[in-house]
Each structure stands twice: as C-alpha cells, then as structure tokens.
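The first residue in the sequence is number 1, and the count goes up from there.
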Amino acid sequence: KAMSVLADAASGLTVAAIPLLYFTIGLETWHLFALVFLGALLDGPGTTARFSMLPDLAESAGMALERATSII
C-alpha cells in the first residue's frame with residue numbers, strides 16, 4: 001500500500017512540475033522529456049502495488065477474485 005501511494009504521489013509531482021516549470025523558468029524540451037520519463041518510470045511500481053492488493057481487497061469485500069479482477 002505504501003509503495004502505491006508513494007509511486008502515485010511521485011508521479012503526480014512530475015506531472016505538476018510541467019506547468020510549474022513552464023510558467024516560472026521556462027520549459028525546455030529536455031525538461032519535458034525527463035519529466036515524462038520519470039512519470040512513466042514511476043507508474044510501473046504503482047500499478048504493480050495496486051494489483052498486488054487486489055486479493056486482499058476482494059476477500060475483505062466478500063467477492064470472488066475473478067469478479068474483482070473483471071471489474072478492474
């Protein structure tokens with residue numbers, strides 16, 4: 001759970017940095033590429049962490065794992 005929150009927060013910061021840089025010091029192409037790369041790099045661990053929580057969430061909800069997976 002902590003990894004999911006941390007990865008989403010860090011990815012969100014990279015997205016928020018794009019307009020912040022643009023309106024303050026200017027956004028160069030390499031800045032944009034670096035921020036997009038970092039955001040995409042952080043999405044993988046966050047997605048994996050969310051999917052790893054699915055069996056526990058399905059059990060807590062009293063739902064079959066197959067149904068919970070199909071909802072996603």
Side-chain angles (χ1 to χ4, degrees):
K1 182 176 178 181
M3 185 62 195
S4 175
V5 172
L6 181 66
D8 286 342
S11 182
L13 287 175
T14 62
V15 171
I18 294 172
L20 182 68
L21 283 175
Y22 179 77
F23 288 117
T24 56
I25 62 171
L27 183 66
E28 303 217 11
T29 305
W30 72 270
H31 291 141
L32 182 62
F33 287 155
L35 290 170
V36 169
F37 176 76
L38 284 174
L41 188 68
L42 295 167
D43 285 342
T47 302
T48 303
R50 278 189 296 282
F51 281 126
S52 70
M53 292 188 295
L54 186 62
D56 294 334
L57 292 172
E59 183 181 332
S60 295
M63 184 182 296
L65 183 59
E66 294 82 10
R67 183 170 181 203
T69 303
S70 69
I71 291 173
I72 289 180

Name each donor-acceptor pair under 3.5 Å that joins a side chain in residues 27-51 to protein atoms two or more places apart or in another chain, with its distance.
from	atom 1	to	atom 2	distance (Å)
His31	ND1	Glu28	N	3.1
Asp43	OD1	Ser11	OG	3.0
Thr47	OG1	Asp43	O	2.9
Thr47	OG1	Arg50	NH2	3.3
Thr48	OG1	Gly44	O	2.9
Arg50	NH1	Asp8	OD1	2.9
Arg50	NH1	Asp8	OD2	2.8
Arg50	NH1	Gly46	O	3.4

So if you build clusters from Ile, Leu, Val, Met, Phe, Trp, Tyr with side-chain heavy-atom gaps below 4.5 Å, do Phe23 and Ile25 land together? yes
May I ask you to list the residues sharing a hydrophobic cluster with Met63, side-chain cutoff 4.5 Å, ordered by chain and number? Ile71
